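Beneath this line is the structure, given in structure tokens, with notes to follow.
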There are 2 protein chains.
Amino acid sequence: MHKYSKQTRLLLAVDCIIFGFDGETLKILLIQRGFQPEKGNWSLMGGFVQPTESIDQAANRILKQLTGLEGVYLEQLHTFGDTNRDPIERTASVAYFALIDIHKYETQLNTEYHAEWFPLKRIPKLVFDHQDMVEGAKRRIRYKAALHPILFELLPTKFTIPQLQTLYESVFNTTIDKRNFSKRVLATGLLIKLSEKDKAGSKRGAYYYQLNMQNYYAKFQAFLNFIPNPDTLHL
Amino acid sequence: MHKYSKQTRLLLAVDCIIFGFDGETLKILLIQRGFQPEKGNWSLMGGFVQPTESIDQAANRILKQLTGLEGVYLEQLHTFGDTNRDPIERTASVAYFALIDIHKYETQLNTEYHAEWFPLKRIPKLVFDHQDMVEGAKRRIRYKAALHPILFELLPTKFTIPQLQTLYESVFNTTIDKRNFSKRVLATGLLIKLSEKDKAGSKRGAYYYQLNMQNYYAKFQAFLNFIPNPDTLHL
DNA sequence: GCAAAAGTGTTGCTATTACACCCATGC
DNA sequence: GCATGGGTGTAATAGCAACACTTTTGC
């Protein structure tokens, strides 16, 4: 027995929405598409799934190609499969989103792809259905961040509470009372206070914190409401 | 300009996890696979994406083939793409989950596929990676139901509060105080009390309710916690 | 008349919000 | 010495959980 005869095969691609936080606003990394069609237009970083790799592996490969990074937060978002989304040939695309520490991003890789960071509020027109992918990723990151501590993935190992607060305010486009915010954050037990201070943002300096990885992994799936005894949830 | 030459095409399939609620427990609908490989073994309902249809359309088509139903709740879950998940030929599969009113399911379609409902706790061994798909769907339905009122999709148009509570208890595998539950549910404004009673479950009878569709659509994206002013969320 | 399920209110507690002042330092 | 951002506590409120008895009716 060999093949499923009479079935049509199609191209399968991966596209990555790469988030970064520069201390001010949330941004995504876009490239200028290097081949036809739509050559030169702004696009997500993507590529075709190869015969020897899983889709997850393809996503990791593509992320590394552009950023030089491995082992960062990468999650499958949604698969886009309208028949005519690529005018050349039918191609389904599995979108992934990544959260990276923007400082670890190696700018030199830029040149090959003409990559640039764009604030979420100033995304240019994108090729194909990439605009929909970005919209989906924005929704998903908010959704997930409202329930799970994923935003730490956007920060360096050492960060301050004001930095963290700015990040949350940026993602949710809101303002938060700093007393309540720090109480809440510290109450999670996710943070370890360091003795060192960050003097960049202010004269007095703000204490650095780092993640308590033990608690981070343990509590990653926590939170939630609505159901009385959430101990039974185990998402 | 014609094709992306030198790229490998592959098969794209859709598999559906179909949930139903019989008043007692949450169940999924499985079929006996009708062709090789793994012919005769328990499987999710699935099929290949055709050249003329989008992936969503393929999922709806496959769901209708097995259940006779259209226009029901159907959501993309995840795409599975390990290189060797199908031993015959590389096939990626987009998993969808559906929530249907089990009473609308047309049993006569059964015969062709030898379909059967299985309680979530008694799922037989499944072909390929379908076990993983079911696990993912279980997690997703809980996750989503904890935040959004999707479980109504599993009930008939008219239902009672005790029925609804049993459903929640079944999905979350927990018990809920009925006074608190009815308070909470009624406070959402999602329900309209009917004058008619369901006398099946008890001698006294329980009032039927139906969804206030206006509020249902409006509040579908509501709920949530953790972020102070959730009005800015707009998931 | 009794068994079985439906329906309903109150109270205590916990979590969340709102809010204002002092501190440390570089210039 | 003053401007800038960092750090901290308390009181009022709202939301949530715990809890028990009465009602209806088929048998």
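Keep in mind the model is a prediction, meaning the values are calculated, not measured. First the proteins, then the strands, lettered A, B, ... as listed; each starts at 1.
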Roughly how many Å is it from [atom1] in [X] to [atom2] in [N], rounded to a whole number?
X	N	atom1	atom2	answer
B/Y209	C/dA6	OH	P	12 Å
A/K197	D/dG5	NZ	P	15 Å
B/D177	C/dT8	CG	P	14 Å
B/L186	C/dA6	CG	P	14 Å
A/F159	D/dG6	CZ	P	15 Å
A/N180	C/dA20	CG	C1'	13 Å
A/F181	C/dA18	CZ	C1'	17 Å
A/Y208	D/dG6	OH	P	12 Å

Practice problem: Report yes if the side chains of A/M133 and A/F128 come closer than 4.5 Å at any heavy-atom pair, otherwise no. | Solution: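 SC-SC contact between A/M133 and A/F128 ruled out.
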Quiz prompt | Side-chain touch B/L77/B/Y96, heavy atoms, less than 4.5 angstrom | solution =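 No - every pair of side-chain heavy atoms lies 4.5 Å or more apart.
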Would the base of [N] count as contacting [X] through its side chain, where contact means a donor and an acceptor less than 3.5 Å apart?
X	N	value
A/R204	C/dA24	no
B/K199	D/dG26	no
A/K183	C/dT16	no
B/K203	C/dA6	no

Quiz item: Within the structure, does a side-chain N or O atom of B/R184 lie under 4.0 Å from either OP1 or OP2 of D/dA17?
Solution: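 Looking at the OP1 and OP2 atoms of D/dA17, one of them is under 4.0 Å from a side-chain N or O of B/R184.
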Measuring from the side chain of [X] (C-beta onward, heavy atoms only), which nucleotide among [options] has the closest atom?
X	options	value
A/S202	C/dA3, C/dG7, D/dG6	D/dG6
B/R179	D/dG6, D/dA18, D/dC19	D/dC19
B/K178	D/dG9, C/dG7, D/dG7	C/dG7

Exercise. Please answer whether the main-chain N or O of B/T166 pairs with a side-chain N or O of B/S170 as donor and acceptor at a distance below 3.5 Å.
Key: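 A pair under 3.5 Å: no.
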Quiz item: Are the ring centres of B/Y143 and A/H148 closer than 6.0 Å?
Solution: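 So the answer is yes for these two rings.
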Practice problem: Using side-chain contact (heavy atoms from CB on, under 4.5 Å) as the criterion, point out the one residue from A/L151, A/V171, A/I150, A/L120 that pairs with A/F19. | Solution: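 Exactly one candidate clears the test, A/L120.
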